[in-house]
Q: 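Before we start, here is the structure in question, set down as structure tokens.
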Amino acid sequence: MPSDICGSSLLLALPDDIFPVITSSLSPRDVCSLGISCPGLNDVVSSDKVWFAQCNKLGILLPLSTLIEWRKGVSSYKALCRFLVNIHPLMGIWVDKHPKFGNVVYVMPGFLSVVGCRIIHEKIGPLYLEDGPILWRPVFEIICKYDGSTTFFLHGKERGAEYVYPGFIKSVDRNCNVLLLEVEPMDQRDEIDKDVPQNWTERPFIHLCSDDRQKLL
Amino acid sequence: MAAETGTPTTLTLKSNDDELFSVAESAAILSVTIRNMVEDGCAGGVIPLDNVDGKTLASVITYMNGISAIPADEEKKKSYRDKFLSDKDFETLADMVLAANYLNMSCLMDAVSAKIAQVMEKKSVGWVRRKFGIENDYTPEEEAAVKEEHKWTFEGVETDDDN
């Protein structure tokens, strides 16, 4: 449809403050398609204003003030958006596939990170919340690096002391409803690493799914 | 003002190509820019709008009249806006978003921006280049680097257009 072609100058002529408004109803992917099409547009859509709007749209669980705080620890709002897009599907409550185990993991924002906490239900007395505060223990933390990529740490305990163990995220599907934690023994590593599996041998695989949340909680 | 005296006040707007338009003040003050001029008492003569051409201004005035005739019913206003924008080509939309920005008309600005975004939604890089007649002046290395940098946005999403 050659008659329908309009020059890129038309887009480039739009003032800086209009792009964030237009792109706020687009997905990060759409914004990037514009940027990849030519260097001129890439400059325009790489602005912090455009990506702040993107973060704001995604970060439903984060107040604006948090976004502004987190921005200080990353190279740009684009980097922050990359992190948020990645961890977004994980946020919220996950329950064990087998309700009889009663495991509940709550994934919530930390600082430039998200933390998965297990509610220690074994310690909840017959009076539930009226008995006292919920006890919880961090299970994992996903930290945002300067460029928006992620680092994964598993929390554990050894001889009474708290440890964190480095790990990695394989992938996060946008529509995922199963959270899978795997710990593999690493024989070639030093003692600390070898001890990791022992913390988890009872349940080396934890399947939690978010469907039927309401039914179970 | 108009409401108090009972006679509707008419304003004269002048586009940057010297076309004159008469419009009811009650409709024109949808533009915060124009409202401020009216409040500052600058509306006695002709209001010059240096950043809007006659064709676009005519369109904006049609919108002003149309939307201000609808009583406070957000549903009806929305369907008017959708209908108003449905037959506009991209070039017109780009002119209108500039005009809406200059005139500080947030309702029109949001509607036109959303319409422009709709055109760009879920399109491939190839489509964007074809549609906007963009010449790809990246070197192959630069293009590969930009693609790599944005790889994270392309995971698990399908486009409407294959290339």
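Just so it is clear: chains get the letters A, B, ... in the order the sequence lines come, proteins before strands, and each one is counted from 1. Note that the structure is a prediction, hence the values are computed from the model and not measured. Reckoned from all heavy atoms, side chains included, excluding hydrogens, waters and symmetry mates.
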Q: Measure the spacing between CD of Glu121(B) and OG of Ser33(A) and express it to the nearest 0.5 Å.
A: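 Between atom CD of Glu121(B) and atom OG of Ser33(A) there are 11.5 Å.
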
Q: Within the structure provided, determine whether Pro15(A) and Leu98(B) are in side-chain contact (heavy-atom separation under 4.5 Å).
A: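 Heavy-atom side-chain distance check passes, below 4.5 Å.
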
Q: What part of Glu149(B) lies closer than 4.5 angstrom to a heavy atom of chain A: side chain, backbone, both or neither?
A: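 The side chain, not the backbone.
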
Q: Specify the closest pair of heavy atoms between Ala117(B) and Ile22(A), including all atoms of both residues, with the distance to one decimal.
A: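 Looking at all heavy atoms of both residues, the shortest contact is CB-O, 3.4 Å.
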
Q: Drop me the distance from Thr23(A)'s OG1 to Ile116(B)'s CD1, to the nearest 0.5 angstrom.
A: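 One finds 11.0 Å between OG1 of Thr23(A) and CD1 of Ile116(B).
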
Q: When rounded to the nearest 0.5 angstrom, what distance separates CG in Leu14(A) from CG in Asp95(B)?
A: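 Separation between the atoms: 9.5 Å.
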
Q: Might you point out which heavy atoms bring Trp152(B) and Lys78(A) nearest each other, and give the distance in Å?
A: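 Taking Trp152(B) first and Lys78(A) second, the nearest heavy atoms are CZ2-O, 3.9 Å.
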
Q: Of all heavy-atom pairs between Tyr138(B) and Ile36(A), which one has the smallest distance, and what is that distance?
A: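 Tyr138(B) and Ile36(A) have their closest heavy atoms at CE1-O, 3.1 Å.
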
Q: About how many Å separate NE2 of His150(B) and CZ of Arg82(A), when rounded to the nearest 0.5 Å?
A: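 Nearest 0.5 Å value for the CZ-NE2 distance: 10.5 Å.
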
Q: Treating Asp30(A) as the side-chain partner and Lys122(B) as the backbone partner, does any N or O pair qualify as donor plus acceptor under 3.5 Å?
A: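 Yes, the answer is positive, given that a donor and an acceptor are paired below the 3.5 Å cut-off.
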
Q: Taking side chain as everything from C-beta outward and backbone as N, CA, C, O, which of these in Asp147(A) sits under 4.5 Å from a heavy atom of chain B? Side chain, backbone, both or neither.
A: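 Contact with chain B is absent: no heavy atom of Asp147(A) under 4.5 Å.
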
Q: Would you compute the distance between atom OG of Ser25(A) and atom CG of Asp110(B) and round it to the nearest 0.5 angstrom?
A: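 CG of Asp110(B) is found 9.0 Å from OG of Ser25(A).
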
Q: Counting only non-hydrogen atoms closer than 4.5 Å, does Val21(A) touch chain B with its backbone (N, CA, C, O), its side chain (CB onward), both, or neither?
A: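 Its backbone and side chain both get close to chain B.
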
Q: Look only at the side chain of Arg129(B) and the backbone of Ser37(A), and say whether a donor-acceptor pair between them is shorter than 3.5 Å.
A: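 Yes; judged by distance alone, with no hydrogens or angles, the pair exists.
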
Q: Which pair of non-hydrogen atoms, one from Ile134(B) and one from Leu41(A), has the smallest distance, and what is that distance?
A: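 Where Ile134(B) meets Leu41(A) most closely, the heavy atoms are CD1-CD1, 3.5 Å.
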
Q: Does the side chain to side chain contact (heavy atoms under 4.5 Å, CB included) test come out yes or no for Glu142(B) and Asn42(A), once each step is laid out?
A: CA-CA 12 Å; Glu142(B) 282 172 345; Asn42(A) 193 33; over 6 Å; no

Q: Heavy-atom distances under 4.5 Å only: say whether Asn101(B) touches chain A with side chain, backbone, both or neither.
A: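 Contact with chain A involves the side chain of Asn101(B) alone.
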
